[in-house]
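Accompanying notes for the structure given below.
This structure is a prediction, so every number in the text was calculated from the model and none was measured.
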Amino acid sequence: MKAATTSASKWKATTAVAMSNYIEAGSIIAIATSLSLWQDEFGLDSLAVGLLSALSANAFGAAIGAAVGGPLCDRYGRKFIYTYDLLLYMLGTLFAVFAMNFGMLLTGFVLTGIAVGAGVTAAWTYIAEEAPDDRRAGHVGVAQLAWSIGPAIGFLLAVLVEPLGLLGARLVFAHLFVVAAVTWWVRRGLDESQRWKEQRSNPERVGTYRGFLQLLTHRKNLTALLFLVGVYGLWNTVAGQAGIFQPRIYEATGLTDASSQYLLQVLVWTLTSAATFWGFMKHGDSFSRRRLYFIGAALGVAAWAVLIYGPAGWFSLLFFAIGWGVSAGIGAQAFYGLWAAELFATRYRASAQGVMFMLVRVMVGVLSLWFPLMLEQTGIHGVGVLILGLLVAALVIGTVWAPKTQGKSLEQIEVERYGRVLDPGPRGRTPAAAGE
(Lines give C-alpha, C1' and ligand atoms only; values in the text may rest on other atoms or scores of the structure.)
Protein backbone atom coordinates (compact mmCIF):
# COMPACT_ATOMS: atom_id res chain seq x y z
CA MET A 1 0.00 0.00 0.00
CA LYS A 2 2.84 2.36 0.93
CA ALA A 3 4.66 1.55 -2.31
CA ALA A 4 1.51 2.28 -4.33
CA THR A 5 1.06 5.60 -2.51
CA THR A 6 4.71 6.53 -3.14
CA SER A 7 4.39 5.64 -6.81
CA ALA A 8 1.22 7.72 -7.15
CA SER A 9 2.87 10.70 -5.46
CA LYS A 10 5.86 10.43 -7.81
CA TRP A 11 3.58 10.45 -10.85
CA LYS A 12 1.70 13.45 -9.43
CA ALA A 13 4.95 15.35 -8.90
CA THR A 14 6.20 14.36 -12.35
CA THR A 15 3.01 15.57 -14.01
CA ALA A 16 2.94 18.89 -12.13
CA VAL A 17 6.57 19.68 -12.93
CA ALA A 18 6.22 18.45 -16.54
CA MET A 19 3.62 21.14 -17.19
CA SER A 20 6.56 23.48 -17.82
CA ASN A 21 6.84 21.71 -21.17
CA TYR A 22 3.15 22.20 -21.97
CA ILE A 23 3.53 25.88 -21.23
CA GLU A 24 6.74 26.19 -23.25
CA ALA A 25 5.33 24.45 -26.30
CA GLY A 26 1.99 26.24 -25.91
CA SER A 27 3.82 29.57 -25.94
CA ILE A 28 5.64 28.74 -29.15
CA ILE A 29 2.41 27.70 -30.88
CA ALA A 30 0.55 30.75 -29.59
CA ILE A 31 3.27 32.87 -31.19
CA ALA A 32 3.33 30.83 -34.41
CA THR A 33 -0.42 31.08 -34.96
CA SER A 34 -0.57 34.79 -34.17
CA LEU A 35 2.54 36.22 -35.85
CA SER A 36 0.73 37.18 -39.05
CA LEU A 37 -2.05 38.84 -37.05
CA TRP A 38 0.42 40.87 -34.97
CA GLN A 39 2.30 41.72 -38.16
CA ASP A 40 -0.83 43.15 -39.77
CA GLU A 41 -1.98 44.92 -36.58
CA PHE A 42 1.31 46.72 -35.89
CA GLY A 43 2.61 46.94 -39.49
CA LEU A 44 5.71 44.83 -38.84
CA ASP A 45 8.28 43.86 -41.47
CA SER A 46 9.94 40.44 -41.78
CA LEU A 47 12.89 41.50 -39.63
CA ALA A 48 10.56 42.52 -36.77
CA VAL A 49 8.74 39.19 -37.07
CA GLY A 50 12.07 37.39 -36.89
CA LEU A 51 12.98 39.47 -33.81
CA LEU A 52 9.75 38.48 -32.04
CA SER A 53 10.48 34.84 -32.73
CA ALA A 54 14.16 35.02 -31.84
CA LEU A 55 13.62 36.73 -28.45
CA SER A 56 10.72 34.50 -27.40
CA ALA A 57 10.32 31.13 -25.69
CA ASN A 58 11.44 29.62 -28.97
CA ALA A 59 14.98 30.99 -28.84
CA PHE A 60 16.96 33.74 -27.07
CA GLY A 61 14.38 34.39 -24.35
CA ALA A 62 14.50 30.75 -23.30
CA ALA A 63 18.29 30.78 -23.66
CA ILE A 64 18.58 33.60 -21.11
CA GLY A 65 16.25 31.79 -18.73
CA ALA A 66 18.20 28.55 -19.02
CA ALA A 67 21.57 30.25 -18.56
CA VAL A 68 20.38 31.88 -15.34
CA GLY A 69 18.02 29.16 -14.14
CA GLY A 70 20.41 26.21 -14.42
CA PRO A 71 23.03 27.47 -11.92
CA LEU A 72 20.31 28.85 -9.62
CA CYS A 73 18.66 25.44 -9.68
CA ASP A 74 21.90 23.81 -8.51
CA ARG A 75 22.51 26.46 -5.87
CA TYR A 76 19.04 26.95 -4.35
CA GLY A 77 17.26 23.77 -5.38
CA ARG A 78 14.89 22.53 -8.04
CA LYS A 79 11.85 23.68 -6.09
CA PHE A 80 13.14 27.27 -5.95
CA ILE A 81 12.88 27.55 -9.73
CA TYR A 82 9.59 25.77 -10.29
CA THR A 83 8.01 27.77 -7.46
CA TYR A 84 8.78 31.19 -8.92
CA ASP A 85 9.28 30.78 -12.67
CA LEU A 86 5.56 30.66 -13.40
CA LEU A 87 4.95 33.99 -11.69
CA LEU A 88 7.24 35.60 -14.27
CA TYR A 89 5.57 33.56 -17.01
CA MET A 90 2.10 34.78 -16.01
CA LEU A 91 3.32 38.39 -16.14
CA GLY A 92 4.64 37.81 -19.64
CA THR A 93 1.38 36.31 -20.90
CA LEU A 94 -0.52 39.32 -19.54
CA PHE A 95 1.71 41.62 -21.62
CA ALA A 96 0.81 39.54 -24.69
CA VAL A 97 -2.90 39.44 -23.89
CA PHE A 98 -3.10 43.22 -23.53
CA ALA A 99 -0.38 44.24 -26.01
CA MET A 100 -1.18 47.57 -27.66
CA ASN A 101 2.09 48.01 -29.53
CA PHE A 102 5.22 46.18 -30.65
CA GLY A 103 7.10 47.07 -27.44
CA MET A 104 4.50 45.49 -25.16
CA LEU A 105 4.32 42.39 -27.32
CA LEU A 106 8.10 42.00 -27.40
CA THR A 107 8.29 42.44 -23.62
CA GLY A 108 5.69 39.71 -23.13
CA PHE A 109 7.51 37.32 -25.45
CA VAL A 110 10.86 37.92 -23.72
CA LEU A 111 9.43 37.43 -20.20
CA THR A 112 7.64 34.21 -21.10
CA GLY A 113 10.80 32.99 -22.83
CA ILE A 114 12.98 33.60 -19.77
CA ALA A 115 10.45 31.86 -17.55
CA VAL A 116 10.16 28.72 -19.66
CA GLY A 117 13.93 28.52 -20.13
CA ALA A 118 14.41 28.36 -16.37
CA GLY A 119 11.35 26.16 -15.80
CA VAL A 120 12.08 23.48 -18.38
CA THR A 121 15.67 23.16 -17.13
CA ALA A 122 14.45 22.55 -13.58
CA ALA A 123 11.65 20.25 -14.72
CA TRP A 124 13.80 17.79 -16.68
CA THR A 125 16.33 17.69 -13.84
CA TYR A 126 13.75 17.14 -11.10
CA ILE A 127 11.79 14.47 -12.96
CA ALA A 128 14.85 12.35 -13.72
CA GLU A 129 16.19 12.63 -10.18
CA GLU A 130 12.91 11.57 -8.59
CA ALA A 131 12.02 8.81 -11.09
CA PRO A 132 12.49 5.10 -10.23
CA ASP A 133 15.64 3.73 -11.87
CA ASP A 134 13.72 1.17 -13.94
CA ARG A 135 11.08 3.72 -15.06
CA ARG A 136 13.18 6.81 -15.74
CA ALA A 137 12.27 7.01 -19.44
CA GLY A 138 8.61 6.57 -18.53
CA HIS A 139 8.72 9.53 -16.14
CA VAL A 140 10.89 11.74 -18.36
CA GLY A 141 8.45 10.92 -21.16
CA VAL A 142 5.70 12.73 -19.25
CA ALA A 143 7.53 15.99 -19.93
CA GLN A 144 7.71 15.07 -23.62
CA LEU A 145 4.01 14.16 -23.55
CA ALA A 146 3.12 17.54 -22.04
CA TRP A 147 5.30 19.22 -24.67
CA SER A 148 3.36 17.52 -27.47
CA ILE A 149 -0.12 17.99 -26.00
CA GLY A 150 0.54 21.73 -25.73
CA PRO A 151 0.82 22.30 -29.50
CA ALA A 152 -2.07 19.91 -30.27
CA ILE A 153 -4.36 21.96 -28.04
CA GLY A 154 -2.78 25.24 -29.17
CA PHE A 155 -3.42 24.61 -32.86
CA LEU A 156 -6.93 23.34 -32.14
CA LEU A 157 -7.68 26.52 -30.20
CA ALA A 158 -6.25 28.53 -33.09
CA VAL A 159 -8.79 26.90 -35.44
CA LEU A 160 -11.66 27.59 -33.05
CA VAL A 161 -10.77 31.25 -32.45
CA GLU A 162 -9.65 32.07 -35.99
CA PRO A 163 -12.90 33.94 -36.82
CA LEU A 164 -12.13 36.32 -33.93
CA GLY A 165 -8.88 37.48 -35.51
CA LEU A 166 -6.44 39.14 -33.10
CA LEU A 167 -8.88 38.78 -30.21
CA GLY A 168 -8.67 35.02 -30.70
CA ALA A 169 -4.86 35.17 -30.48
CA ARG A 170 -5.14 37.08 -27.21
CA LEU A 171 -7.50 34.41 -25.86
CA VAL A 172 -4.95 31.67 -26.65
CA PHE A 173 -2.39 33.53 -24.52
CA ALA A 174 -5.03 33.99 -21.83
CA HIS A 175 -5.56 30.22 -21.65
CA LEU A 176 -1.82 29.81 -21.04
CA PHE A 177 -2.08 32.27 -18.15
CA VAL A 178 -4.82 30.13 -16.57
CA VAL A 179 -2.87 26.88 -17.05
CA ALA A 180 0.24 28.48 -15.52
CA ALA A 181 -1.73 29.76 -12.52
CA VAL A 182 -3.26 26.34 -11.78
CA THR A 183 0.11 24.62 -12.24
CA TRP A 184 1.83 27.09 -9.90
CA TRP A 185 -0.79 26.40 -7.22
CA VAL A 186 -0.37 22.62 -7.49
CA ARG A 187 3.43 22.82 -7.39
CA ARG A 188 3.45 24.68 -4.08
CA GLY A 189 2.93 21.39 -2.22
CA LEU A 190 5.71 19.39 -3.91
CA ASP A 191 8.85 18.29 -2.10
CA GLU A 192 12.41 19.16 -3.05
CA SER A 193 14.49 16.64 -5.02
CA GLN A 194 15.91 14.09 -2.57
CA ARG A 195 19.11 13.72 -4.56
CA TRP A 196 19.70 17.48 -4.50
CA LYS A 197 19.13 17.56 -0.72
CA GLU A 198 21.63 14.73 -0.20
CA GLN A 199 24.20 16.45 -2.39
CA ARG A 200 23.78 19.71 -0.45
CA SER A 201 24.15 17.89 2.86
CA ASN A 202 27.64 16.66 1.94
CA PRO A 203 30.09 18.83 3.97
CA GLU A 204 32.76 18.34 1.28
CA ARG A 205 30.58 19.45 -1.62
CA VAL A 206 31.94 22.06 -4.02
CA GLY A 207 30.30 25.46 -4.33
CA THR A 208 28.00 26.35 -7.19
CA TYR A 209 30.57 28.49 -9.01
CA ARG A 210 33.38 25.97 -8.64
CA GLY A 211 30.99 23.26 -9.81
CA PHE A 212 30.07 25.36 -12.83
CA LEU A 213 33.76 25.77 -13.66
CA GLN A 214 34.24 22.01 -13.38
CA LEU A 215 31.26 21.50 -15.68
CA LEU A 216 33.04 23.45 -18.40
CA THR A 217 36.51 21.97 -17.86
CA HIS A 218 36.03 18.29 -16.88
CA ARG A 219 36.58 16.08 -19.94
CA LYS A 220 33.60 13.82 -19.18
CA ASN A 221 31.34 16.83 -18.93
CA LEU A 222 32.61 18.41 -22.12
CA THR A 223 32.14 15.24 -24.17
CA ALA A 224 28.60 14.86 -22.81
CA LEU A 225 27.83 18.51 -23.63
CA LEU A 226 29.11 18.12 -27.17
CA PHE A 227 27.17 14.88 -27.68
CA LEU A 228 23.89 16.35 -26.42
CA VAL A 229 24.24 19.58 -28.36
CA GLY A 230 24.90 17.43 -31.44
CA VAL A 231 21.76 15.37 -30.80
CA TYR A 232 19.35 17.99 -29.51
CA GLY A 233 20.88 21.21 -30.78
CA LEU A 234 20.95 20.21 -34.43
CA TRP A 235 17.49 18.61 -34.30
CA ASN A 236 15.97 21.51 -32.38
CA THR A 237 17.35 24.07 -34.80
CA VAL A 238 15.00 22.48 -37.32
CA ALA A 239 12.15 21.87 -34.88
CA GLY A 240 12.40 25.46 -33.65
CA GLN A 241 11.81 26.82 -37.14
CA ALA A 242 8.99 24.34 -37.68
CA GLY A 243 7.39 25.28 -34.39
CA ILE A 244 7.28 28.98 -35.08
CA PHE A 245 7.24 29.17 -38.89
CA GLN A 246 5.44 25.96 -39.91
CA PRO A 247 2.41 27.84 -41.32
CA ARG A 248 4.80 29.75 -43.59
CA ILE A 249 6.52 26.51 -44.59
CA TYR A 250 3.15 25.06 -45.56
CA GLU A 251 2.45 28.19 -47.61
CA ALA A 252 5.74 27.65 -49.44
CA THR A 253 4.56 24.12 -50.38
CA GLY A 254 1.23 25.43 -51.67
CA LEU A 255 -1.08 25.01 -48.65
CA THR A 256 -2.34 28.54 -48.00
CA ASP A 257 -5.57 27.95 -46.05
CA ALA A 258 -4.89 28.79 -42.39
CA SER A 259 -7.48 26.38 -40.97
CA SER A 260 -6.07 23.49 -43.02
CA GLN A 261 -2.55 24.36 -41.84
CA TYR A 262 -3.64 24.35 -38.20
CA LEU A 263 -5.59 21.10 -38.52
CA LEU A 264 -2.58 19.46 -40.13
CA GLN A 265 -0.53 20.58 -37.13
CA VAL A 266 -3.16 19.14 -34.77
CA LEU A 267 -2.57 15.81 -36.54
CA VAL A 268 1.22 16.19 -36.19
CA TRP A 269 1.08 16.86 -32.46
CA THR A 270 -1.62 14.31 -31.71
CA LEU A 271 0.61 11.66 -33.30
CA THR A 272 3.57 13.02 -31.34
CA SER A 273 1.59 12.57 -28.12
CA ALA A 274 0.60 9.03 -29.10
CA ALA A 275 4.16 8.10 -30.09
CA THR A 276 5.50 9.56 -26.84
CA PHE A 277 3.09 7.51 -24.74
CA TRP A 278 3.05 4.23 -26.68
CA GLY A 279 6.64 4.44 -27.87
CA PHE A 280 8.98 6.30 -25.55
CA MET A 281 7.15 6.01 -22.22
CA LYS A 282 6.14 2.36 -22.70
CA HIS A 283 9.36 1.04 -24.26
CA GLY A 284 12.15 3.52 -23.45
CA ASP A 285 13.11 1.48 -20.37
CA SER A 286 13.03 -1.93 -22.06
CA PHE A 287 13.59 -1.61 -25.84
CA SER A 288 17.04 -0.77 -27.25
CA ARG A 289 17.37 2.99 -26.90
CA ARG A 290 19.84 3.16 -29.77
CA ARG A 291 17.33 1.51 -32.12
CA LEU A 292 14.42 3.59 -30.85
CA TYR A 293 16.38 6.79 -31.38
CA PHE A 294 17.42 5.70 -34.88
CA ILE A 295 13.82 4.90 -35.88
CA GLY A 296 12.63 8.30 -34.70
CA ALA A 297 15.48 10.23 -36.34
CA ALA A 298 15.15 8.35 -39.65
CA LEU A 299 11.40 9.01 -39.76
CA GLY A 300 12.08 12.71 -39.28
CA VAL A 301 14.54 12.82 -42.17
CA ALA A 302 12.13 10.94 -44.45
CA ALA A 303 9.22 13.20 -43.51
CA TRP A 304 11.06 16.41 -44.37
CA ALA A 305 12.55 14.95 -47.54
CA VAL A 306 9.08 14.11 -48.88
CA LEU A 307 7.63 17.49 -47.86
CA ILE A 308 10.47 19.39 -49.54
CA TYR A 309 11.14 17.32 -52.64
CA GLY A 310 8.02 15.17 -53.02
CA PRO A 311 5.06 15.95 -55.30
CA ALA A 312 3.02 18.95 -54.16
CA GLY A 313 -0.33 17.98 -52.68
CA TRP A 314 -1.96 16.15 -49.84
CA PHE A 315 0.09 12.96 -50.13
CA SER A 316 3.31 14.79 -49.25
CA LEU A 317 1.59 16.88 -46.57
CA LEU A 318 0.05 13.86 -44.85
CA PHE A 319 3.26 11.84 -45.15
CA PHE A 320 5.09 14.70 -43.47
CA ALA A 321 2.48 15.07 -40.74
CA ILE A 322 2.54 11.37 -39.88
CA GLY A 323 6.31 10.91 -40.16
CA TRP A 324 7.32 14.08 -38.32
CA GLY A 325 4.64 13.57 -35.68
CA VAL A 326 5.75 10.04 -34.79
CA SER A 327 9.41 11.02 -35.08
CA ALA A 328 9.07 13.86 -32.57
CA GLY A 329 7.47 11.51 -30.06
CA ILE A 330 10.37 9.06 -29.92
CA GLY A 331 13.16 11.29 -31.15
CA ALA A 332 15.81 13.75 -30.05
CA GLN A 333 13.96 15.83 -27.48
CA ALA A 334 12.70 12.86 -25.46
CA PHE A 335 16.16 11.31 -25.42
CA TYR A 336 17.76 14.64 -24.62
CA GLY A 337 15.62 14.99 -21.50
CA LEU A 338 16.72 11.50 -20.46
CA TRP A 339 20.42 11.57 -21.38
CA ALA A 340 20.99 15.10 -20.09
CA ALA A 341 20.03 13.91 -16.60
CA GLU A 342 21.91 10.62 -16.79
CA LEU A 343 25.27 11.85 -18.08
CA PHE A 344 25.99 14.44 -15.37
CA ALA A 345 26.57 14.13 -11.62
CA THR A 346 24.02 15.79 -9.33
CA ARG A 347 26.33 18.75 -8.62
CA TYR A 348 26.41 19.58 -12.36
CA ARG A 349 23.03 18.36 -13.55
CA ALA A 350 20.87 21.49 -13.63
CA SER A 351 23.74 23.77 -14.67
CA ALA A 352 24.48 21.40 -17.55
CA GLN A 353 20.84 21.54 -18.58
CA GLY A 354 21.01 25.32 -18.47
CA VAL A 355 24.16 25.53 -20.58
CA MET A 356 22.84 23.11 -23.18
CA PHE A 357 19.38 24.64 -23.35
CA MET A 358 20.97 28.06 -23.74
CA LEU A 359 23.23 26.90 -26.59
CA VAL A 360 20.38 25.11 -28.31
CA ARG A 361 18.03 28.09 -28.13
CA VAL A 362 20.76 30.45 -29.33
CA MET A 363 21.18 28.19 -32.36
CA VAL A 364 17.44 28.39 -32.99
CA GLY A 365 17.43 32.14 -32.43
CA VAL A 366 20.24 32.88 -34.85
CA LEU A 367 18.48 30.97 -37.62
CA SER A 368 15.07 32.44 -36.67
CA LEU A 369 16.38 35.95 -37.37
CA TRP A 370 16.93 35.03 -41.01
CA PHE A 371 14.63 32.06 -41.65
CA PRO A 372 11.58 34.06 -42.86
CA LEU A 373 13.85 35.98 -45.25
CA MET A 374 15.56 32.78 -46.47
CA LEU A 375 12.19 31.16 -47.08
CA GLU A 376 11.01 34.18 -49.07
CA GLN A 377 14.17 34.40 -51.19
CA THR A 378 15.11 30.74 -51.78
CA GLY A 379 11.82 28.90 -51.28
CA ILE A 380 11.32 25.55 -49.58
CA HIS A 381 13.97 23.82 -51.73
CA GLY A 382 16.58 26.35 -50.71
CA VAL A 383 16.10 25.93 -46.96
CA GLY A 384 15.51 22.20 -47.44
CA VAL A 385 19.22 21.45 -47.88
CA LEU A 386 19.96 23.06 -44.51
CA ILE A 387 17.05 21.29 -42.77
CA LEU A 388 18.00 17.82 -44.03
CA GLY A 389 21.68 18.36 -43.31
CA LEU A 390 20.98 19.20 -39.66
CA LEU A 391 18.61 16.24 -39.21
CA VAL A 392 20.99 13.72 -40.79
CA ALA A 393 23.85 14.94 -38.58
CA ALA A 394 21.67 14.55 -35.45
CA LEU A 395 20.68 11.04 -36.58
CA VAL A 396 24.31 9.94 -36.98
CA ILE A 397 25.55 11.46 -33.71
CA GLY A 398 22.73 10.04 -31.59
CA THR A 399 22.84 6.58 -33.15
CA VAL A 400 26.60 6.09 -33.08
CA TRP A 401 27.33 7.50 -29.63
CA ALA A 402 24.14 6.57 -27.73
CA PRO A 403 25.18 5.94 -24.08
CA LYS A 404 24.54 2.60 -22.36
CA THR A 405 22.63 3.88 -19.33
CA GLN A 406 19.41 1.87 -19.54
CA GLY A 407 18.23 0.31 -16.27
CA LYS A 408 21.03 1.83 -14.17
CA SER A 409 20.65 4.17 -11.23
CA LEU A 410 21.99 7.69 -11.55
CA GLU A 411 24.61 6.76 -8.96
CA GLN A 412 25.77 3.73 -10.96
CA ILE A 413 26.12 5.89 -14.05
CA GLU A 414 27.99 8.50 -12.01
CA VAL A 415 30.50 5.89 -10.78
CA GLU A 416 31.02 4.61 -14.32
CA ARG A 417 31.65 8.10 -15.67
CA TYR A 418 33.51 9.80 -12.81
CA GLY A 419 34.95 6.86 -10.88
CA ARG A 420 32.86 7.51 -7.76
CA VAL A 421 29.72 9.23 -6.46
CA LEU A 422 30.96 12.81 -6.21
CA ASP A 423 28.62 13.96 -3.45
CA PRO A 424 27.41 11.05 -1.27
CA GLY A 425 24.71 12.00 1.22
CA PRO A 426 24.83 11.61 4.98
CA ARG A 427 24.01 7.91 4.60
CA GLY A 428 26.90 7.46 2.19
CA ARG A 429 24.55 6.86 -0.73
CA THR A 430 26.07 4.34 -3.13
CA PRO A 431 24.91 2.76 -6.38
CA ALA A 432 23.45 -0.14 -4.45
CA ALA A 433 21.42 2.27 -2.33
CA ALA A 434 19.83 3.94 -5.31
CA GLY A 435 16.08 3.87 -5.39
CA GLU A 436 15.70 3.55 -1.62
Side-chain angles (χ1 to χ4, degrees), residues 21 24-25 28-29 32 58 137 140-152 154-155 228 230-246 249-250 253 261 264-284 287-310 315-340 360 363-364 380 383-402:
N21 291 67
E24 181 216 6
I28 294 171
I29 302 312
N58 197 48
V140 170
V142 175
Q144 176 74 5
L145 186 62
W147 178 76
S148 54
I149 291 174
F155 277 112
L228 290 166
V231 168
Y232 185 52
L234 300 180
W235 176 88
N236 194 250
T237 301
V238 174
Q241 310 314 312
I244 207 78
F245 297 122
Q246 193 65 46
I249 293 172
Y250 285 146
T253 64
Q261 293 172 358
L264 200 59
Q265 286 300 89
V266 172
L267 175 61
V268 169
W269 292 108
T270 300
L271 289 171
T272 300
S273 301
T276 299
F277 183 78
W278 295 108
F280 190 80
M281 291 177 64
K282 292 288 187 182
H283 302 291
F287 188 73
S288 168
R289 289 179 179 175
R290 188 188 302 272
R291 292 180 183 177
L292 193 62
Y293 176 86
F294 174 79
I295 292 169
L299 270 175
V301 172
W304 277 98
V306 169
L307 180 69
I308 295 166
Y309 299 111
F315 170 80
S316 295
L317 290 167
L318 288 173
F319 187 94
F320 169 79
I322 295 169
W324 185 240
V326 174
S327 168
I330 57 174
Q333 181 157 287
F335 278 100
Y336 166 76
L338 184 63
W339 289 335
V360 167
M363 291 166 68
V364 173
I380 189 66
V383 299
V385 175
L386 175 62
I387 288 172
L388 291 176
L390 291 170
L391 291 177
V392 169
L395 181 154
V396 172
I397 293 170
T399 302
V400 173
W401 287 286

**Message:** Testing the basics here: between A242 and W304, what is the closest heavy-atom pair and its distance to 0.1 Å?
**Reply:** CB-CZ2, 3.8 Å
**Message:** A334: which residues meet the side-chain contact (heavy atoms from CB on, under 4.5 Å) condition with it, sequence neighbours left out?
**Reply:** Q144, F280
**Message:** If I compare all heavy atoms of G310 with all of S316, which pair ends up nearest, and what's the gap?
**Reply:** C-OG, 3.7 Å
**Item:** Atom of A321, atom of L264 and distance for their closest heavy-atom approach
**Value:** CB-CD1, 4.0 Å
**Fill in**
Value for CG (L307) from CG (L388), rounded to nearest 0.5 Å, stands at 9.5 Å
**Message:** Using the ring-ring contact (aromatic ring centres under 6.0 Å, His included) criterion, which residues pair with F287? Sequence neighbours excluded.
**Reply:** none
**Asked** Which heavy atom of A275 sits nearest a heavy atom of G329, and at what distance?
**Response** CB-CA, 4.0 Å
**Message:** Taking salt bridge (charged side-chain N to carboxylate O under 4.0 Å, His left out) as the definition, give me every residue that meets it alongside R289, ordered by chain and number, with sequence neighbours left out.
**Reply:** D285, E342
**Fill in**
CD1 of I387 to CD1 of I308, rounded to nearest 0.5 Å, is 4.5 Å
**Item:** Value rounded to 0.5 Å, distance of CH2 in W324 from CG in L391
**Value:** 5.0 Å
**Message:** So, using ring-ring contact (aromatic ring centres under 6.0 Å, His included) as the criterion, who are the partners of W339 when residues are at least two apart?
**Reply:** F227, Y293, F335
**Prompt:** Are there more than 12 heavy atoms of other residues, nucleotides or ligands under 6.0 Å from atom CZ of F315?
**Reply:** no
**From L318 atom CG to L267 atom CG, the distance as rounded to the nearest 0.5 Å** = 7.0 Å
**Request:** Supply the atom-to-atom distance L395 CG to L234 CG, rounded to the nearest 0.5 angstrom.
**Result:** 11.5 Å
**Message:** Quick check for you: to the nearest 0.5 Å, what is the distance between K282 atom NZ and I330 atom CD1?
**Reply:** 15.5 Å
**Message:** According to side-chain hydrogen bond (donor to acceptor under 3.5 Å, both in side chains), does anything in residues 265-276 pair up with another residue at least two apart or in another chain? List the pairs.
**Reply:** S148-S273, Y250-Q265
**Request:** Go through the structure and list residues passing side-chain contact (heavy atoms from CB on, under 4.5 Å) with I322, not counting sequence neighbours.
**Result:** L271
**Message:** Taking side-chain contact (heavy atoms from CB on, under 4.5 Å) as the definition, give me every residue that meets it alongside V360, ordered by chain and number, with sequence neighbours left out.
**Reply:** Y232, N236
**Complete:** Nearest heavy-atom approach of W147 to E24 is CD1-OE1, 3.6 Å
**Message:** Tell me the closest heavy-atom pair linking V364 and Q241, and the distance in Å.
**Reply:** O-NE2, 3.2 Å
**Message:** Under the rule for side-chain contact (heavy atoms from CB on, under 4.5 Å), what residues qualify as partners of A340, not counting sequence neighbours?
**Reply:** L228, Y336, Q353, M356
